[in-house]
Each structure stands twice: as structure tokens, then as C-alpha cells.
Amino acid sequence: MLEIKNLHANINGKEILKGLDLVVRPGEVHAIMGPNGAGKSTLASVLSGNQAYEVTKGEITFYEKDLLEMSPENRSREGIFLSFQYPVEIPGVSMVNFMRTAINEHRKYKNMEALSATDFLRTMREKKELVEMDNKLANRSVNEGFSGGEKKRNEIFQMAMLDPRLSILDETDSGLDIDALRIVANGVNKLKRADNASIVITHYQRLLDYIVPDFVHVLYNGRIVKTGGKELALELEEKGYDWIKKEVDGE
Amino acid sequence: MSEELLDQVTQADYKYGFVTDIETDIIPIGLSEEVVRLISSKKNEPEWMLEFRLKAYRHWLTMEMPEWAHLKIPAIDYQSIAYYAAPRKNAPQSLDEVDPELLKTFDKLGISMEEQKMLSGVAVDVVMDSVSVKTTFKESLAELGIIFCSFSEAVENHPELVQKYMGSVVPYADNFFATLNCAVFSDGSFVYIPKGVRCPMELSTYFRINAINTGQFERTLIVADDDSYVSYLEGCTAPMRDENQLHAAIVEIIVMNNAEVKYSTVQNWYPGDKNGVGGIYNFVTKRGICKGVNSKLSWTQVETGSAVTWKYPSCILLGDNSSAEFYSVAVTNHHQQADTGTKMLHIGKNTSSHILSKGISAGQSQNSYRGLVRVNPKAENARNYSQCDSLLLGDKCGAHTFPYMEVNNDTAIIEHEATTSKINEDQIFYCNQRGISTEDAVGLIVNGYAKEVLNQLPMEFAVEAQKLLQITLEGSVG
């Protein structure tokens, strides 16, 4: 579904991604790990179309379509979902209003009729349970006054609502205690199907105990320098990144 | 139910509202004592009304246009303005001749074809300017003793009430624009709620300007007697189109013992084009007096239109334990300028006032909040809380806050909070990532920002106002 070839990207003139390649097929879970500053979050931003980043070279196709030509909202409507590392607060805008606007934009893009209020609220109720979100949360303003854990759960709730083909979880485990982590991971696992895929960006192996990846990639200095199975994550947890840095820099 | 009601009221306005005596209603442009007399005689006014007008006119000649507001206004030639509605020349004959941009906006607001014709000034025989609205509810209101009629009718049928209250809150010599209004006002609305009556419906008046070079001088007088209640809506969310026009209205409200008045406005006069050409100059004097004990007055305004807005709905808190509120959202885009706020004058004991102002500036516009909180020496235990927030979209617009406070009594508690923020790129991107376009995202964020004020509006009005905010800001980001 997703094919990234030789991707180069800058922020403020500084090159962060330096020739990244990645292929993701339906049903797969890819973990992306790597030391600070390797470009993990940049990858998430570029995939979702954040204008702060400039793609200087390379291509990204998503189901044969040129992703780089698409606006951020159309990428979302095509089925790319980003679970933000730092979810943004929007005061005064209720989650209900926000989510309903988003869903109906997705439906309009697919030439489907807008969801009725009743159907929408029913869907919302179902999906809320997936991440054990309480009722009040949905009536509050988007992320306003949410705790760190609530914000992350809210991200997965939105993911469940929008039912993406490819979800990118950017450091979803950061700031979560072990209970919240389990709830979030359970939510993600329940949403897993043969026709969707995830890219899980994380620092720590911990999350991968719950969300089991098919592939683990090590991102270093703007490129994927090593790919393995889930056991690679364990090895990284034990040995750190220095041995990989040495391997790469020594070349 | 309430939505039906609004429909009925608006439809009624259009169907029955406008007197059509085109032939006789032509007055040449320019202002003189003769013109004032002519206006008065056309309206068959009694002598005392003419005297009031002339007194104002003579005083106006000694006055100068105020320049203290944070506004750049080109010189206005008061002799080039027609002071009484003339029938529109060159009126479009059908909607095909109307600016397609305007029609697009009508569609977005969901306005019916019939209404579109009315609002864009298509020649329909019942549409006239400066002639006020009647209401089909008049009879059912009359059963309760409520008077709701045009100002002219009130002068004719209830002269004792008009004479008693007109000019009692905004005196004829109050300010340049108010004085001008006193001299040449065309018509407006009159409301009287008798003792102990709770008005069962929202009263509304839709004002509109249609003719070229016609100043609009509306006058509204609302009297709520002891233990009564009324909610009054003024304005229209649909855009009002015209060339540079002077609009100088007066609203006076009198609230007696234990009475309550809620006054809501949505102002969407033509703001001029993207380059700042054309648009309405809107100079409004709105003031209420909480005359009785425990009386309450609440102003809510959503200001999105006009090239220039100069408006400070105010309250004189005279009665003990009286309270007042001012809720405002003012949006400026392109080259619009707004200088708006309120005055809260605490005179009685234990009076309280609450000010919540939300300014939104976009394009190259300038948006100012100007407010005065004054506590008189005898106003024991006065309480005021003011919050003035400004939201900036883009980096070419301006937001300004001018809060004045005069506190002459030690027992007063006065609080003022102000914030200025820019619309956040991260918020917009977050919305984008969920499939919401930038334009819709701005609409959502701005409506969220203004929510506390919009919540004060009657429900059906609030929904329209939300759409209006979004439409006003279209194209202002990204």
C-alpha cells in the first residue's frame, strides 16, 4: 500500500531524512526505532503532509497514488492517520463536533452521505469503549485539559472513528503509565485487520510487547540502516544503539 | 418551535412589512432645516416631534465628528447624503443581474430565493428602505398589553410613552452621530412591556439598507416596566450590500424594577470589497438604563459586517442591585475597521457588570476593544469583571485594547483580564490530519474561541452566527 523511495526531507533548510526507503503492505505492523534526532518524527510529519517539512527528493506512493501531491486533508481522507506525539488542544470545540466534522468530510470525499446525528452518536459510543474512554471526555473540548494518558487514548479513539488504511503512531507510548499503555495498545490491536497496516514509531521496546511488529526498522541519520523481526527490538533494548551507529559510521 | 417562530417572523416581515408609497417619498440629497421639516411632515408628525428634531439639528450644526476612535475614516460629506429613503434607481430586475459572489454567500447561509431577491435589492414592489417592520404577532402581543410597533406608529398611537422615554437615555445632544439621528431618523421600532408581563416570544426586527446614497437612521426604544421580561433580536445574518453608506442608529432601553431585557444583535452590513472599497460606515449609539432595583440588562452582539464600526452598547446601573452584561464577538477581515466595546456606569448600590469581548482580526483589518467601567462615589459594593480576548489571523492585521477604569468608591471590586493570541498552525494541521480543510478548521477554531458569546444568543440565531463567522473569514488563512 505504501512505498517510500529515496526520501529526502528538510526542516528550516536542515536535511533530516537522507534517502529513506520503506515498503508497507496490508496487514503488516512496522516498528520504527532509533536514537533521538534520527528522523522518526520527521517521517511521520512528512507522511501526513506537515507543511513545515520540505521534501527535496524521492517519492511516496500510497495505493498507486502520489502522496506528495496530496493536501494533508486528502491524505487523511485517503486513509492515512497520524496519532500525534503531542495532541493539540482546541478550546471551545467539542470532541463530538470535531469528530462529526471529520467523519463527514471523509464521507463526502467518498461520495457518501453525511452520517445522521443518531448514527454518529452510536458509532461514537461503540468506539469509545475500545479505549475505555468515559462519556464526559467526548463532550469536552478537543484535548483541552486532558491528561497525557487521556490525550493518547483520545488519539486512538479518533483512529477507531476514522478507520484508516494506514495508521502512524508517533511515540504513542511516551508519557503513558503501564495501565494506559495497555489500554492504548489493546485498542490498536483490536483495530488491526488484514486490510490495514500500522507504522509504530517508538523509543522503547516496551510498547512492542503489546503491539507485536512484523518488522523492526532502525532509523539512524535519516535512513533505515537495519531491518529485522521483533527480536531486533529486544536486542536494541539490551544493547542500545551504539553498536548500530558504529556499524553504520564505520562503513 | 423556536425555529418555526423565527421563520414566521422573518417571513412576516417580508410579506407584510413594507409600506409602499413610492411616489411621494423622494427627498433631495443634503441636510438643512428644510429637509428636517420635510421628513417630519412626510411622516405627519406632531409638533413636539418636529421640535425635537429641530433642536437636535441646530445642536448638530455646532458639533464636530469625534476623532478619538482608532479608526481611519475618509471625510464624510453630509451634504451628499439623502436623509430619507428614495426608491432605488437601477435596481436589478432579477437575480441574474446580482453579483454572483453575493448569491454564493446567500446559498451558504441557506437563504431562500425569495429572501435573496429581497436582500440583494431586486426590484420587488414591497421592498422599501427606512420604512419599518410590522409584525403579524402584534395582535397576540396586544392581548398581553405588549406594544411592538414601528417608531412612527408609536409616535402616533402612544405619544405619551414616546415623549416620556425618548431621549431619556441618549439625550439629543449626546454625541455627533446620535444628534444627527435625532434630527433625521427615519423609523425604527418601539417596544413596551407592561408590568409583570413576560414576553412569550423573541421580538425581532430586521433592518436593511437598499437604496444608493441613503443614510440609514434607525431608532429603537424599548421600555420594560416593573417585573417584566423581553428578549429582543436585531439584525440579520444575511449580507447587506451597498456602496459607502452612513448608518447612525440609536437604541435606548429602559429597565424598571425587577425587569430584565436581553438585546441581541447580529450585524452584517456590507463590509466593502477585498481592497477596502465601499462598505457601510456604522456609527451606533446604544445605551440602556437599569433604572429600577434588581433590574437586569444584557447586550449580546456579533459584529461581522461594515467597513467601519463605531459602537459601544452601554449600561447605566442606576437601580440598587441592578446588573448588566456585555457579550461581544467582533470579526474584521480585509480592510474592515472596528472600534467597539461598552461602558458600564455604576451608580446604584450593589451593582454588578460583566464584560466578555472576543475580537478576531484577519487580513489587513484593525479591531479595537474600547471599554469604560466607572464606579461613582456612592456606588457601594460595585462589582465588575471584564475579559477581553483578541485572536489574530495572519500578520498584517491589528488588535487593540483600550480599557478605561474610573473607580471612585473603595468598596468596588474590579477585575480585568486580557489575552492576545494568534491562530495556531498546529491546531490547523491537527484538523487537516483528521480530514478537515484549512477553511473549515479556521471556522471550527474561531467558533470555539467565540463559543461563550455565541452561547448567549437565542439558539437559531447562534447557528446562523456560527456559519457567518466562518464565511466572514474565508480565504483569510493559508
Side-chain angles (χ1 to χ4, degrees), chain A residues 44-53 70-110 140-144 151 154-155 157-159 161-164 166-168 170, chain B residues 3 108 110 302 327 329 331 356-360 387 389-394 417 419-457 459 462-463 465-467 469-470 473 477-478:
Chain A
S45 296
V46 169
L47 284 173
S48 54
N50 190 329
Q51 310 286 320
Y53 295 84
M70 270 183 231
S71 66
E73 57 269 31
N74 279 344
R75 296 183 198 201
S76 166
R77 294 162 188 168
E78 283 286 336
I80 291 183
F81 180 89
L82 171 63
S83 168
F84 283 70
Q85 184 178 2
Y86 303 108
V88 179
E89 300 187 3
I90 311 178
V93 178
S94 72
M95 271 312 294
V96 172
N97 193 8
F98 179 70
M99 230 39 262
R100 198 169 170 209
T101 309
I103 283 203
N104 284 333
E105 287 300 322
H106 278 246
R107 291 176 71 91
K108 196 158 80 188
Y109 188 74
K110 293 174 192 141
R140 279 160 57 184
S141 296
V142 179
N143 293 320
E144 196 186 25
K151 281 183 184 171
N154 190 20
E155 293 293 290
F157 161 68
Q158 294 177 49
M159 176 175 150
M161 291 295 288
L162 295 173
D163 192 21
L166 173 67
S167 41
I168 304 155
D170 188 6
Chain B
E3 203 161 324
K108 283 180 197 155
V302 176
Y327 298 101
V329 177
V331 187
L356 177 60
S357 163
K358 299 266 182 180
I360 301 158
Q387 188 185 334
D389 297 331
S390 306
L391 184 67
L392 296 164
L393 282 76
E417 281 183 40
T419 66
T420 303
S421 50
K422 268 189 87 162
I423 204 158
N424 190 323
E425 296 287 331
D426 292 344
Q427 290 175 329
I428 292 176
F429 181 67
Y430 191 76
C431 294
N432 288 159
Q433 212 301 307
R434 299 305 186 241
I436 301 168
S437 70
T438 298
E439 209 136 79
D440 290 343
V442 170
L444 267 180
I445 295 165
V446 165
N447 275 308
Y449 165 80
K451 195 179 185 180
E452 285 168 89
V453 174
L454 298 178
N455 280 348
Q456 299 295 327
L457 290 171
M459 229 249 282
V463 173
Q466 278 182 14
K467 281 194 222 162
L469 287 192
Q470 184 159 355
L473 292 170
V477 168

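First the proteins, then the strands, lettered A, B, ... as listed; each starts at 1.
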Return yes if some donor-acceptor pair links the side-chain N/O of B:Q433 with the main-chain N/O of A:I80 below 3.5 Å, else return no. yes
Taking atom types as modelled, find out whether B:Y430 and A:N143 have a side-chain donor-acceptor pair closer than 3.5 angstrom. yes
Which heavy-atom pair separates B:D426 from A:V88 by the least distance, and what is that distance? O-CG2, 3.8 Å
Under a 4.5 Å heavy-atom cut-off, does chain B meet the side chain of A:Y86, its backbone, both or neither? neither
Please classify the contact between B:D440 and chain A as side chain, backbone, both or neither, with a heavy-atom cut-off of under 4.5 Å. side chain
What part of A:I90 is in contact with chain B, defined as an atom under 4.5 angstrom from a non-hydrogen atom: side chain, backbone, both or neither? both
Given A:M99, A:R75, A:M161, A:Q158, the one with more heavy-atom pairs under 4.5 angstrom with chain B than any other is A:Q158
Turns out that what part of A:P87 lies under 4.5 Å from chain B's heavy atoms comes down to both
Give, for atom CD of A:Q51 and atom CG of B:N432, the distance between the pair rounded to the nearest 0.5 Å. 8.0 Å
Taking all non-hydrogen atoms of both residues, which atom of B:G435 and which atom of A:S76 are closest, and how far apart? N-OG, 3.0 Å
Would a 4.5 Å heavy-atom cut-off, applied to side chains only, mark A:F98 and B:I436 as touching? yes
For chain B, which candidate among A:L82, A:N104, A:V93 shows the most heavy-atom pairs at distances under 4.5 Å? A:L82
Non-hydrogen atoms of chain B under 4.5 Å away: do they reach the side chain of A:E78, the backbone, both or neither? neither
If you look at every heavy atom in A:T101 and B:L444, which pair is closest and at what distance? OG1-CD2, 4.2 Å
Nearest heavy-atom contact between A:E155 and B:R434 is OE1-NH2, 2.6 Å
Any heavy-atom pair between the side chains of B:C431 and A:E105 that's under 4.5 Å? no
I'd like to verify something: which residue of A:A52, A:S141, A:G92, A:G49 has the highest number of heavy-atom pairs under 4.5 Å with chain B? A:G92
